[in-house]
Structure formats: C-alpha cells, structure tokens
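Heads up: the structure comes next, in structure tokens.
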Amino acid sequence: VSSERGMIYDCNMQPLVNEMVSHKAVVYFGSEGISQSVFNFLLGYLTRDQILTKLSEQKPFVVNCRDSVEFDNVVDVEAKSRYSVSQLAAHIIGYTDSQGTSGLSGIEKVYNDILSQNSEVTKVVFRQNGLSQLLTSVKPVVTTETQGTGQGVVLTIDKRIQEAAESSAKKYIEKGAVVVVEAATG
C-alpha cells in the first residue's frame, strides 16, 4: 500500500520530509460488490469508468485520499507524504520517481542507496479461499515492515533559518538569492 524512504533531517535532527500525513483507502469486496456510499466516496477521486474498471478486475485496489475513511469493505491506511505542497529546501532535497522508490535529483539522488535501504513498507493482507476469492468475513491484516536501521541523512542546514530565508525571499525578492552568514565567524 505504501512505502517510505529513509528520513532527511536538518542539523538539529528536525525532519525535512515525511511530515505530512495522508491516507490511502484500500477497497475490497466480495460477490456483493460495494455499497452505494463507497461508490459515491470513490467518485470524489476516480471517474465512474475508472471505478467500474477496477471493480471488474475483482481484486482490492488503493485510492489516495485526503482524510481517513470509515466504510465497510474499506481499509484506511495512514501514510506519510514525502513532500509538502510548499516543500522546504526543495532545491536541496530534490525529488523521487513517481513510485517514491528512486531519487532523481538533489539529496534524494545523491544518497539514494542510504535512503532506499532504510525504509518502511505497509501492506494489507487479504485471505482467499481455494478459488482465489476474497474472504470478506475475515478482516484484512495491516502490517508495517521496517527495512534497514531506520537511519537517514542529516544535513547542515537549520530548518528554522531555512524557513525564515524562504519566507523572506518569497515576500521581498522577485529575483535573486538569500545568503545567511554568521557575522561573528564570517
């Protein structure tokens, strides 16, 4: 359902990624299909045709959603969003591929081996009968596996100073850069 890479921290061990919580709805169903309320919920994220296609495949599927959900035949899984909409130090941190498994630029790329070794994977396990049909009477089991030591990468930037610099630049500078220097040491 979800996979998280290792953390990226500032010099004070404050996280620079994985700070936003998101939700994933894992939709499953038996021979009876899904309820109208689940179908209406899904319409907020998928088109009618997309829903019908997923239902015709007759296997559980995942929908990224904004908030937690509570429906029969839907498992809500809390996940971390790697980046926020206004990601701090985005030019330094970089970004990953669409699956979030491989760094494509910045720290994500340079330290890809470390960040991908130290990850967390969340899975939803369903029980099936001998005909490979879901046993909807048995609740799915959500498991989280940590791979590696859970370590990450620590940068020399200070999150508070970076926030102040980016905020001031956005407010006062149309073009240019911000340079922060400790006056006592130069």
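Nearest heavy atom pair, residue Phe39 against residue Arg48, reads CZ-CG, 4.0 Å. Heavy-atom minimum distance, Arg5 versus Ser116: NH1-CB, 4.0 Å. Shortest non-hydrogen contact noted between Lys24 and Ala79 is CE-CB, 4.1 Å. Heavy atoms only, all atoms of each residue included: Asn73 and Phe29 are closest at ND2-CA, 3.8 Å. Residues Thr101 and Asn112 share a closest heavy-atom pair of O-OD1, 4.0 Å. The minimum heavy-atom distance between Phe61 and Leu46, with the atom names listed, is CE1-CD1, 4.3 Å.
A salt bridge is defined here as a Lys NZ or Arg NE, NH1 or NH2 lying under 4.0 Å from an Asp or Glu carboxylate O, and Arg82 with Glu19 fails to meet this definition.
A donor and an acceptor atom, one from each side chain of Tyr111 and Gln117, are nowhere located under 3.5 Å apart.
The hydrophobic cluster containing Val179 also includes Val181, under a criterion of side-chain heavy atoms closer than 4.5 Å among ILVMFWY residues, counted directly or through chains of members.
In this structure, Val141 is not a member of the same hydrophobic cluster as Val138, with clusters built from ILVMFWY side-chain heavy atoms closer than 4.5 Å. Cluster annotation: Ile107 and Ile161 are assigned to distinct hydrophobic clusters (Ile/Leu/Val/Met/Phe/Trp/Tyr, side-chain heavy-atom contacts under 4.5 Å, transitive). Taking hydrophobic clusters as Ile, Leu, Val, Met, Phe, Trp and Tyr residues chained together by side-chain heavy-atom distances below 4.5 Å, Leu16 shares a cluster with Val110. No single ILVMFWY cluster, assembled from side-chain heavy atoms under 4.5 Å apart, contains both Val75 and Val125.
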Pair Tyr95-Tyr83, ring-ring contact (aromatic ring centres under 6.0 Å, His included): steps then yes or no: CA-CA 8 Å; Tyr95 57 90; Tyr83 312 112; 7.8 Å; no
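Between the Asp10 side chain and the Lys159 main chain, a donor and an acceptor come within less than 3.5 Å of each other.
Taking the six-membered ring for Trp, Phe41 and Phe71 have ring centres closer than 6.0 Å.
To the nearest 0.5 Å, the span separating CG on Leu155 from CG on Asn12 amounts to 11.5 Å.
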